[in-house]
Amino acid sequence: MAGSRPMSAWTMLFSWVILIGCLVIPGVSVKHENFKKCSQSGFCKRNRALADDASAKGSSWSSPYELDPSTIHFRDGQLQGTILKSISSDQKVELPLVVSFLESGAARVVIDEEKRLKGDIEVRHDSKARKQRYNEAEKWVLVGGLELSKSAALNPETEAGITKVLYGPDNKFQAIISHAPFNVDFQRDGETHVQFNHKGYLNLEHWRPKVDAPEDEGEKAAESQEDESTWWEETFGGNTDSKPRGPESVGLDISFPGYSHVFGIPEHADSLSLRETRGGSGNHEEPYRMYNSDVFEYELNSPMTLYGAIPFMQAHRKDSTVGVFWLNAAETWVDIVKSSSSVNPLSLGVGSKTDTQSHWFSEAGRIDVFVFLGPTPQDLTKTYGELTGYTQLPQHFAIAYHQCRWNYITDEDVKEVDRNFDKYQIPYDVIWLDLEYTDDRKYFTWDPLTFPNPIGMEEQLDDSERKLVVLIDPHIKNKDKYAISEELKSKDLATRNKDGDIYEGWCWPGSSNWVDCFNPEALKWWKTLFKYDKFKGSMGNVFIWNDMNEPSVFNGPETTMPKDNLHYGDWEHRDIHNVNGITLVNATYDALLERTKGEVRRPFILTRSYYSGAQRMSAMWTGDNQATWEHLAISLPMVLNNGISGFPFAGADVGGFFHNPSKELLTRWYQTGIWYPFFRAHAHIDTRRREPYLIAEPERSIIAQAIRLRYSLLPAWYTAFHEASVNGTPIVRPQYYVHPSDEAGFAIDDQLYFGATGLLTKPVVSEGTDSVDIYIADDEKYYDYYDYTVYQGAGKTHKVPAPLETVPLLMQGGHIIPRKDRPRRSSGLMRWDPYTLVITLDKNGDADGTLYVDDGETFEYERGAYIHRRFQFHDSTLSSEDLATKGPKTAEYLKIMADVRVEKVIVIDPPKQLKEKTSVTVIEEGSKAASTAAVEYHAQSAGKAAYAVVKNPKVGIGRTWKIEF
């Protein structure tokens, strides 16, 4: 979001600068001068230079790191040893190595520095900064999956200078550790898939004291060829980083031999398949950067950093997926280079393979890398999820439609918007309040003039089971007589500057201080602020938006905090920057669990800044996008990339945050947004109002119809969210994830599959389009969602009509899709509505699907209060099978749901014998006798599949039953 109502002379000036900039240059994009390029970042420049030097020397280059064989010790699934870094012929630095082989099949490699581990270094400037390398990122990120393998063992087939460890399922994985120079090959079934230090770029900048330059510059040059200009301090944008520990970056090259596609490392506004970063046609010149930042009007097709960072990279080739997770919370850059080599030199290109080399470097911390050997995409997301946690199962309302703008200006404005959605029969579940609801930009307050009666507003929303989300940011207005500000300072809970004083910076309120959520006492305090008697004017239907938590600091270097700020434990901000945002989300999540005694409901939080692990607690969105066709198009690979990277509860601002979309663009954006797991419209304060009911016909009705399509499919959405919450599977899935053998689809990122439903959509993302080309990888029949037109043909693109009123959507044969077809004002009002099951038969006449249902609100599902069914169509019989595990609340919940039934079954391309039938046989568990239900067969013209409709079979959604056709 960005500036508005003046509250001080400074804020007024700042707001006018932003507004004038928006008005005078409406197409302005990111200000590159505010953000570093690699050449302006000392450690990035040094690590790239090392790679250049190693490449230039070729075979004559030897990495100065070797594993001392006398120190190697293997026990209980873990190998320990010491790597020696040669500084000179008589000086070596000791680097402890720990390689853990995990029960999950993952391997973890940690390299630290002996002197820093022991605290045997000196920090400069009398700094209070910790002497160790940061080793607490895992406290915020990892939640499981660390059990050491019981079967991992040293390979008895030894070679000189090499240690081999067998591990993984049936010990089919192997780590081959070469001692001198140190490198590791990770193999599956005897083939190398991941390599560490294969190129020799391993780099741990060891601690050394600062030595004053000798008077004789020539003597200095003779002593050292290294450029020390950014070792001891670094200046950018008028801010000088004091670097009390000197240079301390870590780097490593990680290669994927035989892999030409790598995915992941969000967040970047770029293609799903990551590009090379060393120049050349269609490639980037800069590495991919991960340094969570408030980027105003970000540019597209760029490796530039954005708001979040997930350092999880996956490499994919035909029938094989592998990956690495770089657990480091400091600023990180990743170079990617691809090289082709021929398997047979005489083959003239036939049988050539592509290798992808990635080069990772972070400013601080230790090397801590997890390796995943797959072999499937599902294996990776599951194992990574075991480590960092699966996505939360949100409250049901959170997966419906959210209406937001900066800003709804009064509580009466909110109530009028709420009434208009009902008047025009457009469903929505959540309305949002941005910054201006507060009193003088003080969080946990309400403006007494514009929001005098927040409870009355919330009660009106609650009448339709709707919710309110309000903004709470981590910067606290620095003002006397503001109780929260005074408590923050008096209790010593704020982030401090390099001198140990409370850090003051500028954000929306003007002068601000930042809560330090690394401090356990700050977490306890933060929890108290959300209680209803403290956050007066809030009810149980109020939830939270944590924005600006990179953190955004308007007058800070790169619009964030100085790196030499200090957090709890005396860790520098450089150490923890990328996990800073999720510490706030973690605190808010715990606070929402404890708003009042005895009321435990699932929190809903939206975060802008995130890191691995944030998926356990929040949703995310892609930040301050623009109302352009190009920003609409890039939202798809961005959301898909987050999904495969373990954070599937993702979305983009529908309509674009900045500027005013045309009616066509807005319509197409809604038709795209219904496929974001997080579906929210949002707009800048300077844009025209664009609530769907304000749009002229026919676009208003088209947008409403798209939103209703989302609502009708909410049973399938909730089921997909449940699946993601138990095994990490993305909610919307890219082509390669669903068809891992089809090489033609690996780079496709403009169409997606929705969960396990077989629904395949390719949203329209270009102006004036009336058809789309959808690529189909397999030889199943695909049916148009609306008229059942058949598309079939593997490895081909198929032209699908897409006039403005149509969302291009196909159904793959072999699935059973649960829907609710009765339109309601909100999802909460649909709770007791009956279900429709849509069956698309595969080429063998079979289909299956699942449905997950719970109360959509509490954690009672953990005690068995849920329904989980598998539907199967086989041998002309549709059956419902129980997948649930019974618990103490199961019987009670099934009783509550006893009257919720299936009202319709639609079978597409049904068995031919149905032509002659007028009824089907229904057998439900517990019934004394079978019954019948009417069936209607509908023949269609050539090119469209026939279909049959079973009306009101009267089977309970939570019961076991069969329908015989």
Side-chain angles (χ1 to χ4, degrees), residues 1-2 22-23 25-30 269-271 296-302 401-406 421 424 426 428 432 621-640 650-676 678-710 732 749-752 761-774 800-809:
M1 67 175 192
C22 291
L23 293 171
I25 317 173
V28 69
S29 60
V30 60
D270 203 16
S271 56
F296 183 83
E297 293 196 318
Y298 56 83
E299 68 180 5
L300 309 184
N301 305 307
S302 169
Y401 174 54
H402 299 247
Q403 180 62 48
C404 183
R405 72 170 283 108
W406 179 23
F421 268 89
Y424 290 91
I426 302 173
Y428 91 100
W432 292 55
W621 91 107
T622 62
D624 297 346
N625 59 1
Q626 300 181 46
T628 68
W629 289 98
E630 293 78 13
H631 273 263
L632 167 59
I634 207 73
S635 70
L636 289 168
M638 291 180 78
V639 168
L640 288 170
D653 284 345
V654 171
F657 179 66
F658 288 109
H659 317 309
N660 297 300
S662 67
K663 288 192 295 182
E664 181 189 0
L665 175 57
L666 184 62
T667 302
R668 291 302 196 187
W669 212 317
Y670 270 97
Q671 293 175 339
T672 303
I674 63 172
W675 305 111
Y676 302 154
F678 174 60
F679 175 31
R680 182 186 74 152
H682 187 36
H684 188 274
I685 198 166
D686 294 330
T687 62
R688 294 191 294 267
R689 294 286 283 258
R690 54 168 106 128
E691 288 75 20
Y693 55 79
L694 293 175
I695 311 304
E697 293 288 9
E699 286 82 3
R700 178 200 302 154
S701 293
I702 296 170
I703 291 170
Q705 192 57 41
I707 297 172
R708 290 188 196 113
L709 175 58
R710 169 68 168 229
V732 291
D749 58 11
D750 59 356
Q751 63 184 51
L752 59 87
T761 184
K762 182 174 182 176
V764 174
V765 296
S766 56
E767 190 172 10
T769 299
D770 60 7
S771 67
V772 295
D773 292 330
I774 297 183
V800 177
L804 186 62
E805 65 273 13
T806 300
V807 179
L809 181 58

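Computation of the quantities below employed the complete heavy-atom set of this structure, encompassing side-chain atoms and omitting hydrogens, waters and symmetry-equivalent molecules.
Taking each heavy atom of Leu694 and Arg690 in turn, the nearest pair found is CD1-N, 4.3 Å. For Ser635 against Thr672, the heavy-atom pair with the smallest separation is OG-CG2, 4.4 Å. Considering every non-hydrogen atom in both Ala652 and Thr622, the closest pair reads CB-OG1, 3.3 Å. Pairing each heavy atom of Ala802 with each of Val764, the nearest pair is CB-CG2, 3.8 Å. Smallest separation of non-hydrogen atoms from Arg710 and Tyr676: NH1-O, 2.8 Å. Summarising the geometry of Pro661 relative to Gly655, their closest heavy-atom pair is CG-O, 3.5 Å, with the distance given to 0.1 Å.
Residues Tyr670 and Phe679 meet the side-chain proximity criterion, which asks for heavy atoms closer than 4.5 Å. Looking only at side-chain heavy atoms (C-beta outward), Pro692 and Tyr401 come within less than 4.5 Å of each other.
Heavy atoms of other residues, nucleotides or ligands lying less than 6.0 angstrom from CZ of Arg689 number more than 12.
To the nearest 0.5 Å, the span separating CG on Asp270 from CD1 on Ile634 amounts to 6.0 Å. The line from OG1 of Thr628 to CD of Glu767 is 11.0 Å long, rounded to the nearest 0.5 Å. Atoms CG and CG, on Asp653 and Leu632 in that order, are 12.5 Å from each other to the nearest 0.5 Å. Going from atom CE of Met638 over to atom OG of Ser271 covers 11.5 Å, rounded to the nearest 0.5 Å. Between the OH atom in Tyr428 and the CD atom in Gln403 there is a gap of 8.0 Å [rounded to 0.5 Å]. Put simply, OG on Ser701 and CZ on Arg708 are 7.5 Å apart, with the number rounded to the nearest 0.5 Å.
Side-chain atoms of Thr687 come within 3.5 Å of backbone atoms of His684 as a donor-acceptor pair (strictly under, hydrogens ignored). Under a 3.5 Å cut-off, the side chain of Lys762 and the backbone N or O of Asp750 do not form any donor-acceptor pair. Between the Gln626 side chain and the His659 main chain, no donor and acceptor come within less than 3.5 Å of each other. Arg700 places a side-chain N or O within donor-acceptor distance of the main-chain N or O of Ile695, the cut-off being under 3.5 Å.
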Exercise. Check the pair Arg680 / Val654 against side chain to side chain contact (heavy atoms under 4.5 Å, CB included), numbers first and verdict last.
Key: CA-CA 6 Å; Arg680 182 186 74 152; Val654 171; over 6 Å; no
Quiz item: When you look at Glu699 and Leu804, which way does the side chain to side chain contact (heavy atoms under 4.5 Å, CB included) test go after all the steps?
Solution: CA-CA 8 Å; Glu699 286 82 3; Leu804 186 62; 4.0 Å; yes
Exercise. Using the side chain to side chain contact (heavy atoms under 4.5 Å, CB included) rule, take Leu809 and Trp675 through it: C-alpha gap first, then chi angles, then the decisive distance, then the call.
Key: CA-CA 11 Å; Leu809 181 58; Trp675 305 111; 3.8 Å; yes
Quiz item: Yes or no on side chain to side chain contact (heavy atoms under 4.5 Å, CB included) for Gln671 and Ile702, after CA distance, side-chain angles and deciding distance?
Solution: CA-CA 9 Å; Gln671 293 175 339; Ile702 296 170; 3.4 Å; yes
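Ring geometry for Phe421 versus Tyr693: interplanar angle over 60°, hence perpendicular rather than tilted (30 to 60°).
Ring-centre distance between Phe657 and His631: not below the 6.0 Å cut-off.
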